Each structure stands twice: as C-alpha cells, then as structure tokens.
Amino acid sequence: MRPPVLKNDLVGRQRLIRQLDGALSARLAVLSAPPGFGKSTLLGQWIANLRDRGAAVGWLALDRDDDEIGRFLTYLVAAIRRADPQVAPHVPALLQSSPVLPVDSVLTSIVNDLTHRNQPLFLVLDDCQFLSAPDICQFLDALLTYAPACLHLVVATRGPLPFGLAHMRVKGQLINLDDMQLRFSLEETESLFDAAELRDLPMADVVTLQHRTEGWVAGLQLAALSLEEPAGRADFIRSFSGSHRDVAEFLAQDVLSRQSPDLRDFLIKTSILSRLSAPLADAVLDRSDSATMLQTIEAANLFLIPLDRERHWFRYHHLFAEFLQSHLAEKGPLGIERLHCRAADWLSANGFTSEAVSHALAAGDADRAAALVEDCAMPLIMASHLNTVRAWLGRLPAELIARRPHLQLAEVWIQFHMSRPQEAARTLKAAKQSIAAALADGKLGREAQIALRAELCTLTAGVISAADRSRTAARLAEGWLEALPENKPFFKGTLGNIKAFCHFSLGDLDGARILSLKARDFHGAAQSVFGIVYSDLILGLVEKAAGNLSGAAQYFARAIATARQQLGAGSYAEAMVAIFEVELLYEWNDLAGAERLLHTHRQIIEECGLVVHEMACKLHLARLAAARGRHDEAMAVLERAERLGIEKRYHRLTASALNDRVRLLLQRGDVQAARFALLARGIGGEGRKGANPGPLAPATEPEYLAQARVLIASAKPEAALRLLDRVAETVRRDGRFRRLAQVRALAAIASHQASDALSALAAAVDAVSICAPQKALRTLVDEGQAMREVIDFARRRMPSWSGETPTGQFLDRLMSEFGKPEREPVQSGHLRKGDPGFSPREIDVVQLLGIGHSNRDMARVLGMAPDTVKWHLKNIFGKLGVANRTQAVLRLQEIGLTQPLQH
C-alpha cells in the first residue's frame, strides 16, 4: 500500500505527468501497456508530485491473490483510509467481523464519507490485470458511478480493464495513456543512458537502441545493464532487438548467467514468494545470509522493488519474477513443493495465515492448508472475525472440508450467522456423520471428542433456534448445558445465550435474565467478545420487553462499548445491538436519531444478520417511513417482510409485519383490504384457524392484535376485547409490560367504542402508567386519532393527569404529537394537468421516470430501497392503466405530465 520507492537517478517524465494532471478534471485515468513500460514508476513520480502539492493519495499494488472480493475490499479500504482516515472509519471492523461480505455497506460508506470532502482524493490501483472476479468488477463500476466528484481513480494494467469504460468516455471523464504514449522518447532514452553512466555512448548508438526497442523502457534498461562493459558493445547493439523474446534470452544469458551460482539459486528459488524478507528467505532456503543476498541484489539493480521505507519487505519486478519462475519449473515439481511448504511453515508461525494457506495449497498440501484454517478458525469466531474464516473456507476444496469435522462446523457457524438455518442444518448433519466415521476409525482422541461434542451440541441448538423452534432448542439446551465440561467456557456461554434467547422468545423473561448473566460470565472466561456482546444484547431485549426502556438502553450501550473497544467501530457485533437501539429511539420519538442509526447499520444487517435482527430492521424501516408520512413505502417494506418471514419460516416476523400492515391499512380507512390481509394468512374467516388466530404464544400475539384491530374497525368491539383480554392475561403474567401497554391501548379504544367508560378508563390508565415513566410515546401515538380521543376522554376524569406532574407533562407531549399532520409537506408540486391522483412520492417517481431514470437511479436519487421504487411503479402503472415503463412514459406524455424525451 505504498508507492514504489523512487531512485534519485530516474528519468523525469514531465510530459506524461502533465497529462496525468488531467485526472484532476476526470473520474478515471488508465495506464494500459505490456510489462516493462514504466507504468508503476511513472505513477510513483506523479504521486510524489501530487503529495508535494498537498494532495491526498491512496496506493494499492495488486497481485493474483487479491482477485477475491473480501481481500480486495480490505486492502482497498485501507488504501483509501491512508489517504483520508475520515473515510469509512467503521468498515475495517465490519469487514473482519461480518459473516457475509458486506459489499453494499462498504460501497455506501465510502461514497457517503467522500461526499464530505472538499479536496480531491486520488486512489491508484497498480497491476489491475490481476482482477477478473465479477463481483470486484461490479464494485469498481458502482464506485465510479456513485462516488462524488472528489474521487479520482487511477489504474495501471497490462491488459484490458475488468470494468466498463464506455460511459466514462461518453461523459468525457476518462484519461487513457497506452504503450504508444509511455514509450521513451529519444531525449528520455538519452537521459536514461546518462543516468546509467553511459555518457560516452555515441549518439548513433543511442538512436539505434531507441529504434530497436521502440522506446520500450524495460528493453532500454536491460540494454543499459549489458552496456556497462565497453567490450563487445558494438556487437550487442547490432544484435539486440528489444523484443520480449530477446529480453528473455537476455535475462538468461546476460543477467542471470553473470551472477554467482549461489546468487542465481537464491533468485530462482525465492521467485515463488509474492513478497520476501530476509527471515522468510532464510526459512525457505534453509540459509542464514538472506539479508546480505538481498542487499547484493538491490545494489546490482536486479529488479528488486522495496515495499517499505525500512526495506524489510521486497518483491521482484513481475517480468523478472515470471522469468525466474519459468527456470524454477525446469527443476521439477518436488523441489517447488518443498519451497512452498517451508514458506507456509514460516508464514503461519509468524501470523501471516492467509499467505500460509496460499503456499500450502500451491505445495499441493491441501490438508496442511486445512489444518492451518482449523487451528485459527475457532479463536477468530470467538473474536467475531467471521469474514476471515469465511474467506479461508472459500479457498479450500469442498471435498476436503467434507472430510474434516472441524471445518464443517466452522461452516455451520458462518451459515448460522448468515441466517441460513436450512443450509446450516444440512452441513451440521454432514458434520455429525463425519464425526461418527472418525470415531469409528479411532481417529479422535478423548479431548478432541469432548471438544467436538461441545461444539456440536452448541451449534445444533443454535440452528434449531434460528429456525424459530425455540421450545425444541430450549429443551435440548437444557440437558446439554449441564453436561458440557467447565473447561469449554465458550461453548457453555454460547449454549447459554441460545437458551436465554429461546426463553426470551417464549416469554420467560426471568429465565432469560438468569441464563444470559451466567452465559456472560462464561464468555468473559473464554475472552469471547462476540459472546459477551450477545449476552448484553439479550439482557437489553429482556428489559425492553419488560417495559424498562432505560434499563435496555444501558445494556445496549454496554454491549456497543465492548464491541467498539475490542473490535473497532462499525463491527457486525455492534450492528446487531444498534439495530435494537433504533427501537428505543423510535419509542422515545427521536425519529431523526432512529433513522440515522438504522441507516448506519441497515445494510450489514440485511446482508448477513440473523432473522431476528433482519426482522427488527424491516419493522423499524416501515414504522419510520409511516411516521414520516411515507405510507406507500412502509406498506412495501411490510409486504416484503411478510414474504421473508414465510420464506424463512420465521412466524414472529410474518405476524409482526402483518399487524403493522393492518394498522396502516385501517388508518387509511381501508377496512376491506385489512380484512383480506388477515384472510390471506388464514385468520378471521371460517378457514383453518376459524375466528381466532390460533394457539396463543409470543410469536402469534401480533396476529391477535391485528384481528382485534379489524374487529374494532368493523364495529365489533366486544369481540375484539375478548381477544385482547386473552393476550393481556398472558403478557401480564409473564411481566412483558411493553406488549401489555400495546394490548391495553387497543383495549381502551375498543371499550371507548363500546361506550364502556369504566373499562376504557381502566385500560387507558394501564397503558399510560406503563408508557409515561419510560417516555414511550410511539406505542400510543401510532394508534392514531382513536387513541387521542381515548386519552382526551380519560384525562378529563383523571386529576393526576393534568398540571405539572410527570404524567401530565408526558401527556402534554403526547397530545402535541397527536396534533401533528400525519404526512410530510408535499415536496414536489409540478404535476397538475391530468394528474390521476398520484401521491407525493409517486409524483417524485413519475418525474424521474419521465426523464428516463432507471430503477436504480431512482432509488439513489430519492433515497429509497429498490423494492420501494418497484412498489411505486406498480401503483403508477395501475393508475395510468398501463403494463410497463414505455407505455407509462407515453401515457404521461398524452396527459401532459412529461415532455417527450430528447435524444
């Protein structure tokens, strides 16, 4: 991530530097030429010039191993942050801890943070020819498309770029230097020979070499090396053509053959290393003088490039390295494999595990590579570095993983945290079979058996819990938790957390508290950051369910502080907690704070959170949209959440989204649509569930509330109260007072509609007495005008609810929130003629549709999710009576709402 260290005697290339300065007004600069045309050196000179002028520059030199999206993003972000530490400060922790690579989150963070820059930032990617992975190409395309004007991307490549350039050319945003421009001029060739102490070379010979090499820099440099001895210069100049074949012959005959046998052997054998240091070379070659050898090579200008200012790490010029590797191949595979094995040994012992895995695989020793991953996987999982483990597993052959239970279980951890319980269950089953086979063959010692059994029990309970089978998971965990040995604190802590969450989801708050506290102690002993954070998360969820929002906030704050201290800001562990902290801010009516926090962590949760986290994310997204008056957007999100719940068999998500959707439909006055929404889930008719939603459980309670809402809207308050009383009895017994406040608020509305003043007053008192001490406004505000009427009715009859009492102050604020308009002011007002009744957001979409924006562009411009754009387009097509975008644009033109597109 450092530019090349420049020598003092380099030929200055001012004409090209001036051309590169054009990147100040362009988005992309490309240097494209075969090896040896001085691309990296030219960029190094230009960067030095930029830095002298105070510019921010990030540099990343790529190699073959970087053609993997996780590794590439890690280095790319690090390079950008070297240029500006304020860009993407949370992304490094996120990349390390996330079980799924958060590509969209990384892109969003970079783009958003760059918008705050007033000065240009140059990002240089050297040797882009190594990039071919489609997901990397898509990322770079998106970065070029969405990044603000301050970002200037500069790439050097031997061949065509992996991402598109056409749109850049059309926009005049591309600077391209190819081999014709990079070739040395005659003046530059003369300067090169002068710097090589060849000032006595006749000008005619300089011209000859210039023509023979056609200005190819590597050919000229190699010729200069050969001309150091005056004898034989004429013959050399006469025969030297500067072609690539001649250079290979030259390297063999005039460079390599001139070195001592020992140095030649050193060069050839160390060519397997993508980067080398003296200690690494000593280990690979079983010698002790590598530091001296490297000094000799550097002094002889033998294509050795330092990678740091201290000159601890080096690499060979790619052209030279390829040439050396071709000679090494002649020695046969056995010698090469032995070198790779030694490299893997040293690298793994010194903490360079990724590189060690690469060399083990290159040695044909996949088992060694697998063993390296096995050694590191569990400590990394405990530290929440899930993405690192995922990347390593992706590099191992599938058939090898299938033979190693430890690796199979590592895959289950990743799948579990990626919310893929069905896939995790299949891998877990295969792991059990592998363990049984290993036991039968006597391949597992007693300690290994104990460890595998502990991990197997923990993951089995976790996978069952993730599939929303809390009762089964809790029952299994009950027996296994006591049986786990005390010297396995991570597994005891994780199993304790799983059991605690099961008890929480079943409504047993006291059991969940006790189990989480014990689990936290075990994770403290295991030094498992992720486990400690998750224990505090469950404790916070318990307090939230109990109606103690301030207590929940304290637990969430402690969890986030732990995650930041141990993992850095923006980790997956932090996001898992913060997504529930959004709910507290929303309940306290801090809508701006809730939106800010939600959108900070939303992408990572949607990409790789557990279903319970994704559920919270989608519900918050919909509630915030509705609170801001964007009801169409909220409905689209809720429909998507219901589909997700059905797809992943997570009933509590389906039920919660259904309840919120019914509430919004009824606030629109669409009772029929709300009734049909219930019937579609088999609720409220004469179908499978009859009149009631079915067995009462925490996961089905929202369905009871949804049906009660429809009954109230259908003027059947007594039937609604029967349902609500049943739920109230259960949640009051469990101490789940937050749900009780929601139930009693609805009961107050139903009783008020039934003209039962005493019951309405009692229910209103219950709801307010729970909400007021915690300042929980949205539970009541979200019930709309009907709740306002109940509060107004009760307040006239409750003396303690007026004046300067805490409850009175809470109700004053509550009533002021009821008084605010439900919809935001219409931002656009340009559509008038022939308007078929578009909503404000539909007007925004129509205007962008009329000027040819794609769905993706609309989402970016309007700050919507792509699915929300699709939702609006569906409504627009329906109102226009058309079936597709083209018909819609033509229809809009017919009714005078857009102008024909100009081509």
Side-chain angles (χ1 to χ4, degrees), residues 505 507 544-545 547 583 586-587 615-616 618-620 622-623 626 634-635 638 641-642 645 650-668 670-671 673-685 689-734 736-754 759-760 763-764 766-767 770-771 776 778-784 786-787 790:
S505 63
K544 178 170 68 70
E583 188 171 0
Y586 176 80
E587 190 64 77
M615 164 185 165
K618 283 186 165 46
L619 293 179
H620 300 339
R623 288 167 187 166
M635 295 290 287
L638 290 170
E642 284 185 63
Y650 203 76
H651 192 94
R652 72 187 67 243
L653 172 54
T654 306
S656 297
L658 175 64
N659 178 43
D660 277 13
R661 187 157 67 95
V662 165
R663 175 173 60 81
L664 293 180
L665 287 169
L666 293 174
Q667 285 181 359
R668 286 179 165 183
D670 198 342
V671 180
R675 187 179 294 116
F676 280 138
L678 292 178
L679 289 172
R681 301 284 174 251
I683 302 168
K689 294 186 178 180
N692 290 342
L696 183 61
T700 60
E701 286 166 2
E703 293 176 347
Y704 277 72
L705 301 189
Q707 187 172 6
R709 294 180 190 283
V710 173
L711 290 170
I712 293 169
S714 304
K716 297 178 182 178
E718 293 83 2
L721 284 166
R722 285 193 293 273
L723 288 176
L724 293 169
D725 287 346
R726 186 179 173 193
V727 178
E729 181 183 355
T730 300
V731 298
R732 195 188 299 273
R733 182 196 63 217
D734 292 344
R736 291 185 287 123
F737 291 105
R738 185 149 187 270
R739 176 60 56 80
L740 180 62
Q742 297 164 351
V743 173
R744 293 301 282 163
L746 275 178
I749 294 170
S751 298
H752 190 250
Q753 186 189 85
S759 295
D766 275 353
I770 295 170
C771 292
R778 295 305 309 190
T779 290
L780 304 178
V781 171
D782 286 349
E783 297 303 333
M787 193 72 234
V790 170

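All residue numbers in this chain count up from 1 along the given sequence. The structure presented is a predicted model; accordingly, all values stated were derived computationally and were not measured.
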List for me each residue that meets side chain to side chain contact (heavy atoms under 4.5 Å, CB included) alongside Ala697, sequence neighbours excluded, and say none if there are none. Thr700

Closest non-hydrogen atom pair, Thr779 against Gln742: CG2-CG, 3.8 Å

Restricting to side chain to side chain contact (heavy atoms under 4.5 Å, CB included), what partner residues turn up for Ala657, sequence neighbours left out? Leu619, Leu638, Ala641, Glu642

Note, Val671 side chain near Ser714 side chain (heavy atom, < 4.5 Å): yes

On a heavy-atom basis, the closest approach of Leu665 and Ala677 is CD1-CB, 4.5 Å

Are Asp670 and Arg668 ion-paired here, with the side-chain N under 4.0 Å from a carboxylate O? no

Contacts of Arg739 that satisfy salt bridge (charged side-chain N to carboxylate O under 4.0 Å, His left out) - sequence neighbours left out: Glu701

Identify, with sequence neighbours excluded, every residue that meets side-chain hydrogen bond (donor to acceptor under 3.5 Å, both in side chains) alongside Thr730. none

Are Leu658 and Ile683 close enough that some pair of their side-chain heavy atoms sits under 4.5 Å apart? yes

Within the structure provided, determine whether Glu703 and Asn659 are in side-chain contact (heavy-atom separation under 4.5 Å). no

Inter-residue atom distance Arg675.CZ - Gln707.CD, 0.5 Å rounding: 10.5 Å

With side-chain contact (heavy atoms from CB on, under 4.5 Å) as the test, would you mind laying out the steps for Glu583 and Arg738 before giving the verdict? CA-CA 12 Å; Glu583 188 171 0; Arg738 185 149 187 270; 2.7 Å; yes

Kindly indicate whether the side chain of Leu724, heavy atoms from C-beta on, has any atom under 4.5 Å from the side chain of Tyr704. no

Backbone N/O of Arg778 and side chain of Glu587: donor-acceptor pair under 3.5 Å: yes

With a 4.0 Å cut-off on N to O distance, would you call Asp660 and Arg623 a salt bridge? yes

Taking only residues two or more places apart in sequence or in another chain, which ones pass salt bridge (charged side-chain N to carboxylate O under 4.0 Å, His left out) with Glu783? Arg709

After noting the C-alpha distance and the side-chain angles of Leu705 and Val662, does the key distance pass the side-chain contact (heavy atoms from CB on, under 4.5 Å) rule? CA-CA 9 Å; Leu705 301 189; Val662 165; over 6 Å; no

Expected list for residues 744-754: side-chain donor-acceptor pairs under 3.5 angstrom, two or more places apart:
residue	atom	partner	partner atom	Å
Arg744	NE	Asp766	OD2	2.9
Arg744	NH2	Asp766	OD2	3.3
Ser751	OG	Ala747	O	2.9
Gln753	NE2	Ile712	O	2.8

Where is the tightest heavy-atom contact between Leu678 and Ala706, given as atom of each residue plus distance? CD2-CB, 3.8 Å

Those residues at least two apart in sequence (or on a different chain) that pass side chain to side chain contact (heavy atoms under 4.5 Å, CB included) with Ile770 are Phe737, Leu740, Ala741

Salt bridge (charged side-chain N to carboxylate O under 4.0 Å, His left out) with Arg663: which residues, sequence neighbours excluded? none

Would you please name every residue forming a salt bridge (charged side-chain N to carboxylate O under 4.0 Å, His left out) with Arg652, sequence neighbours left out? Asp468

